[in-house]
Amino acid sequence: MFARGETILQLMERLAPKHYAVPDDKIGLQVGSVAKEVRRVLVTLDVTPAVVEEAAKLGAELIIAHHAVIYRPLAHLRTDTPAGALAAELLRKDIAVYISHTNLDTTEGGINDWMAEALELAGREVLEEVHTDKLYKLVVFVPESHHEKVRDAIFSAGAGWIGNYSHCSFNIEGTGTFLPREGSNPFIGTQGKLADSREIRLETVVPLSAKKKVISAMLKAHPYEEVAYDLYSMDLKGRSFGLGRVGVLPATESLDRFAERVKSAFQVPFVRMVGDGSKPIRKVAVLGGSGARYIRHAQFAGADVLVTGDIDFHSAQDALAAGMSIIDPGHHAEKIMKPNVAQWLTEQLKAKGYATEVFASQIDTEPFQLR
């Protein structure tokens, strides 16, 4: 059995929810239709004619990319332009394109975490907050016989987290009353007779990102056909998600040595470096893509160096004057997303019993060459 395109996109939005994207980012389905079964998926950083050809040879009906194929508003769709010709080729070959951009940067376990892991950074924190999960208080009344079952189900679905503590709840014993009316099928009691039951008032915290999953798990595990529960909005802040990560290396090393670490981690032939090569490096900020505007954020976070792409001349001068070191491995370092997304999606599809295959693109879309 192959997964339908809609199912694959739902899985992707579990990894990188759309509301984690920065405002006005061009994400989601951009070309084609996913109202079909998908036998093969190709994951790529960029969609180029070579990548489209690769997808066609694989027999892939869906491309998942990080960078948008349609970023600026289109005044026309002419097939004698590069953008128009690319779109026409995708439609001709019936290949859909889905974009996961800053939501994949921002999400926990996304590009910035993969980059931080590749550099062996520990104690990671967000460099710039983009989204904070809204919190809700869930109160549900459960018969004693099913208390643990319901509690375990909602914890497994994502409830009960307060900071670095999981499985947080409060439980109070009490008596519930109800009168089953005609047409009811009570788990406890009899139609037409007032009943009472020993119940547990179970309270816990639920983040917005897990709300639907938690409620669904609760209703599935609960024995009552009509579940009594309340959901209250809270003013407390939940977990923060954002761009970039800040963490510490296993041990202090020179900027020169760290530059070699970056080259190896991101499999790039060279990096551009700002700063004294003998400078000791321990705390590191990393941000996938273009990060010139985050130099001050890295300084404020106490980082010794910022690892990011597309640093311009004047930003480099300003950083040097401020004593901030920079390692620029290029924008293309984000290619780390290809094998990671492919592996994650493969595991999710396999767990659900789908035979759909996922491949990481082998096409190098780096536009620059060294001479």
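Values below: every heavy atom of this structure, side chains too, minus hydrogens, waters and symmetry copies. These figures come from a predicted structure and were not determined experimentally.
- Taking each heavy atom of Ala87 and Leu77 in turn, the nearest pair found is CB-CD1, 4.1 Å.
- In this structure, Thr356 contributes its side chain and Phe2 its backbone to no donor-acceptor pair below 3.5 Å.
- The pair Arg201-Glu173 fails the salt-bridge criterion, with no side-chain N (NZ, NE, NH1 or NH2) lying under 4.0 Å from an Asp/Glu carboxylate O.
- By the 4.0 Å N-to-carboxylate-O rule, Glu253 lies too far from Arg282 to be salt-bridged with it.
- In this structure, CG on Leu90 lies 6.0 Å from CD1 on Ile95, to the nearest 0.5 angstrom.
- Through side-chain heavy atoms spaced under 4.5 Å, either directly or across other Ile, Leu, Val, Met, Phe, Trp or Tyr residues, Ile326 is tied to Val274, Ile295, Leu306, Ile311, Leu320, Met324.
- One side chain, Tyr224 or Glu199, offers a donor N or O that lies under 3.5 Å from an acceptor on the other.
- A donor-acceptor pair is defined here as one N or O able to donate and one able to accept, closer than 3.5 Å; no such pair exists between the side chain of Lys263 and the backbone of Phe258.
- A side-chain N or O of Ser290 and one of His331 form a donor-acceptor pair less than 3.5 Å apart.
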Salt bridge (charged side-chain N to carboxylate O under 4.0 Å, His left out) evaluation trace for Asp94 with Lys36: CA-CA 11 Å; Asp94 194 22; Lys36 57 187 177 183; 3.3 Å; yes

Worked verdict on Glu125 versus Arg245 for salt bridge (charged side-chain N to carboxylate O under 4.0 Å, His left out): CA-CA 5 Å; Glu125 297 180 349; Arg245 298 293 184 266; over 6 Å; no

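- With Arg40 contributing its side chain and Leu58 its backbone, the two residues share a donor-acceptor pair below 3.5 Å.
- Glu61 has its side chain within reach of Arg39: a pair of non-hydrogen atoms, C-beta onward, lies under 4.5 Å apart.
- With no hydrogens or angles considered, no side-chain donor-acceptor pair links Gln267 and Ser264 at under 3.5 Å.
- In this structure, Glu334 contributes its side chain and Gly289 its backbone to a donor-acceptor pair below 3.5 Å.
- A donor and an acceptor atom, one from each side chain of Glu13 and Tyr98, are located under 3.5 Å apart.
- Proximity of Val43 to Phe359: side-chain heavy atoms (C-beta onward) are nowhere separated by under 4.5 Å.
- Using a 3.5 Å distance cut-off with no hydrogens or angles, the side chains of Asp276 and Ser278 do pair a donor with an acceptor.
- Hydrophobic clustering (ILVMFWY, side-chain heavy atoms < 4.5 Å, transitive): Val34 and Ile27 are in distinct clusters.
- Ala259 and Val271 get closest at one heavy-atom pair: CB-CG2, 4.1 Å.
- Counting only distance, with no hydrogens or angles, the side chain of Thr81 and the backbone of Gly84 share a donor-acceptor pair below 3.5 Å.
- Within 6.0 Å of the CD atom in Gln317, the count of heavy atoms belonging to other residues, nucleotides or ligands exceeds 12.
- Remark: the Ser209 side chain and the Asp133 side chain contain an N/O donor-acceptor pair separated by less than 3.5 Å.
- Among all heavy-atom pairs drawn from Cys168 and Phe155, the shortest one is O-CE2, 3.7 Å.
- Counting side-chain heavy-atom gaps under 4.5 Å among Ile, Leu, Val, Met, Phe, Trp and Tyr, Val126 is found in no cluster with other residues.
- Remark: Lys352 NZ is loosely packed, at most 12 non-hydrogen atoms of other residues, nucleotides or ligands lying under 6.0 Å away.
- Looking at Lys338, its side chain never comes within 3.5 Å of a backbone N or O of Ala65 through a donor-acceptor pair.
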Working for side chain to side chain contact (heavy atoms under 4.5 Å, CB included), residues Val139 and Tyr232: CA-CA 8 Å; Val139 179; Tyr232 305 99; 3.8 Å; yes

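- Lys93 places no side-chain N or O within donor-acceptor distance of the main-chain N or O of Glu53, the cut-off being under 3.5 Å.
- A donor atom on one side chain and an acceptor atom on the other are not found under 3.5 Å apart for Glu6 and Gln10.
- Here the side chains of Phe187 and Asn185 are not in contact, with every heavy-atom distance at 4.5 Å or above.
- Looking only at distances, a side-chain donor or acceptor of Ser254 sits under 3.5 Å from a matching main-chain atom of Arg257.
- Two different hydrophobic clusters hold Phe368 and Phe313 under the rule that ILVMFWY side chains link at heavy-atom gaps under 4.5 Å.
- Applying the side-chain hydrogen bond (donor to acceptor under 3.5 Å, both in side chains) test to residues at least two apart or on different chains, the pairs with a partner in residues 145-160 are His147-Asn171.
- Checked by atom type, the side-chain pair Ser100/His66 shows no donor-acceptor distance below 3.5 Å.
- Of the possible polar contacts, none joining the Asp105 side chain to the Leu243 backbone as a donor-acceptor pair under 3.5 Å is found.
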Ile281 vs Thr252, side chain to side chain contact (heavy atoms under 4.5 Å, CB included): CA-CA, chis, key distance, verdict: CA-CA 5 Å; Ile281 301 297; Thr252 300; 5.8 Å; no

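- When every heavy atom of Gly189 is checked against every heavy atom of Ala195, the shortest pair comes out as CA-CB, 4.2 Å.
- Under the 3.5 Å distance criterion, with hydrogens and angles disregarded, no donor-acceptor pair is assigned to the side chains of Arg239 and Thr132.
- With sequence neighbours left out, the side chain to side chain donor-acceptor pair (under 3.5 Å) criterion links Ser361 to Glu54.
- Of all the heavy atoms in Thr107 and Leu15, the pair that sits closest is OG1-O, 2.8 Å.
- The closest side-chain heavy-atom distance from Leu345 to Ile64 is below 4.5 Å.
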Thr7 and Tyr354: CA distance, side-chain angles, deciding distance, side chain to side chain contact (heavy atoms under 4.5 Å, CB included) verdict: CA-CA 10 Å; Thr7 301; Tyr354 292 116; 4.0 Å; yes

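- Within 6.0 Å of CD on Glu144 lie more than 12 heavy atoms contributed by other residues, nucleotides or ligands.
- For the pairing with Val286, the side-chain contact (heavy atoms from CB on, under 4.5 Å) check across Val246, Leu121, Thr308, Val262 returns one residue only, Leu121.
- Between Gly275 and Met273, the closest heavy-atom pair is O-CE, 3.9 Å.
- The side-chain hydrogen bond (donor to acceptor under 3.5 Å, both in side chains) pairs that include a residue from residues 17-32 are Asp25-His101, Asp25-Thr102, where partners are two or more places apart or lie in different chains.
- Contact check on Lys137 versus Asp230 returns no salt bridge, with no Lys/Arg side-chain nitrogen under 4.0 Å from an Asp/Glu carboxylate oxygen.
- At least one side-chain heavy atom of Asp113 sits under 4.5 Å from a side-chain heavy atom of Glu108.
- Within the 3.5 Å criterion, the main-chain N or O of Phe141 finds a donor-acceptor partner in the side chain of His222.
- Side-chain contact between Ile8 and Leu349 is present, with at least one heavy-atom pair separated by less than 4.5 Å.
- Residues Ile188 and Pro143 have side chains in contact (heavy-atom distance under 4.5 Å, counting atoms from C-beta outward).
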Evaluation steps, side chain to side chain contact (heavy atoms under 4.5 Å, CB included), between Phe270 and Arg272: CA-CA 7 Å; Phe270 76 98; Arg272 297 191 302 161; 4.2 Å; yes

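- Residues Leu104 and Trp114 form a side-chain contact, since some pair of their non-hydrogen atoms from C-beta on lies under 4.5 Å apart.
- Under the 6.0 Å distance and 45° angle rule, Lys134 counts as a cation-pi partner of Tyr136.
- In this structure Asn112 satisfies the side chain to side chain donor-acceptor pair (under 3.5 Å) test with no other residue, sequence neighbours excluded.
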